[in-house]
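Here the structure is laid out as structure tokens; the discussion comes afterwards.
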2 protein chains.
Amino acid sequence: MKTRNAIIRDIANSMRSQEVIDKLSRTFSVLGDPTRTRLIFAMSKAELCVAELSELLGMSHSAISHQMRALKDLDLVRCRKEGRKAFYRLNDEHIENLFEEGLKHVLEP
Amino acid sequence: MKTRNAIIRDIANSMRSQEVIDKLSRTFSVLGDPTRTRLIFAMSKAELCVAELSELLGMSHSAISHQMRALKDLDLVRCRKEGRKAFYRLNDEHIENLFEEGLKHVLEP
DNA sequence: TTAATATATGAACAACTTTTCACATGTTAA
DNA sequence: TTAACATGTGAAAAGTTGTTCATATATTAA
């Protein structure tokens with residue numbers, strides 16, 4: 001049977017690197033803003049351009065563009081340019097799972 | 001074939017309530033801080049008391065206690081009192097899944 | 001009871017974030 | 001080319017957050 005100290009030591013040894021912790025927390029942090037949560041929700045339904053997201057959320061193009069950059073910086077969304085439009089969609093199914101898992105927690109009784 | 005406008009309208013209609021969006025974003029937000037990310041990691045390995053978490057992270061008891069409250073307020077952790085100690089652990093497997101899913105995204109090539 | 005221990009909490013300050021505003025960049029149409 | 005359009009970006013204001021410090025509460029031991 002392990003001592004309490006041995007347990008602590010084991011956890012300390014298995015702790016992720018600062019780099020991984022930072023990227024992980026920034027990823028959650030980026031999901032953790034109502035505007036971006038709504039953007040993620042919208043994009044879980046369809047690929048959308050800035051003007052459409054702007055209309056959906058009732059916010060300025062500029063505000064949306066700033067937020068899309070935050071999402072893109074952490075690889076949560078991908079961008080596809082078509083003429084002067086920029087279409088955004090979720091980067092992969094991981095993001096959708098992450099979002100769904102969070103939703104399940106929130107909707108729990 | 002649906003028009004662009006019809007797509008937008010459908011998404012607007014299926015958008016979650018402000019209440020759900022807010023709790024969801026607050027949940028992600030709470031995970032989105034390096035200190036709390038490390039706390040979640042530690043508790044994914046074992047139930048731990050404030051003093052142990054404090055030692056593990058090299059932070060004051062007060063700082064840990066404040067953060068545990070944030071985690072508890074959003075039902076991410078549960079507390080069990082034993083004498084004067086308070087043992088914390090993840091609230092359910094949802095939280096562990098959420099954390100694992102985030103980690104997968106971050107560790108992706 | 002008093003002292004010691006473990007955790008919790010309010011206030012305050014520094015650090016960070018989000019939106020707005022003004023303007024820049026890049027693309028299409030005339 | 002010029003005008004119109006779609007998006008991107010830097011700076012700044014207003015708001016939010018995390019830690020520290022001092023102190024409070026609660027439990028145990030003497």
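When reading the values below, keep in mind they use all heavy atoms of this one structure, side chains included, and skip hydrogens, waters and symmetry mates.
Here C/dT17 presents its C1' atom at 14 Å from CG of B/Asp33, a figure rounded to the nearest Å. Rounded to whole Å, the distance from CZ on A/Arg38 to P on C/dT18 is 14 Å. B/Arg26 places its CZ atom 8 Å from the P atom of D/dT17, with the value rounded to the nearest Å. Taking atom NZ on B/Lys72 and atom P on C/dT9, their separation rounds to 8 Å, with Å as the unit.
Contact check, A/Gln67 against C/dT19: a side-chain N or O comes under 4.0 Å of OP1 or OP2. The side chain of A/Thr35 places an N or O atom within less than 4.0 Å of a non-bridging phosphate oxygen (OP1 or OP2) of C/dT19.
If you take CG on A/Leu24 and NZ on B/Lys104, they are separated by 13.0 Å, rounding to the nearest 0.5 Å. Distance check: B/Asp73 CG to B/Thr27 OG1 gives 11.0 Å after rounding to the nearest 0.5 Å.
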Can you give one letter per nucleotide of nucleotides 4-14 of chain D, going 5' to 3': B for a protein heavy atom under 4.0 Å from the base, S for sugar-phosphate only, - for none?
BBSBBBBB---

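Side-chain atoms of B/Ser29 never come within 3.5 Å of backbone atoms of B/Arg26 as a donor-acceptor pair (strictly under, hydrogens ignored).
If you find the closest nucleotide of DNA chain C to A/Gly83 and to A/Ser29, the one lying nearer the 5' end belongs to A/Ser29.
Between A/Lys72 and A/Tyr88, the closest side-chain pair of non-hydrogen atoms falls below 4.5 Å.
Taking a cutoff of 4.0 Å between a charged side-chain nitrogen and a carboxylate oxygen, B/Lys2 and B/Asp10 qualify as a salt bridge. Ion pairing between B/Glu82 and B/Lys85 fails under the 4.0 Å rule for side-chain N and carboxylate O.
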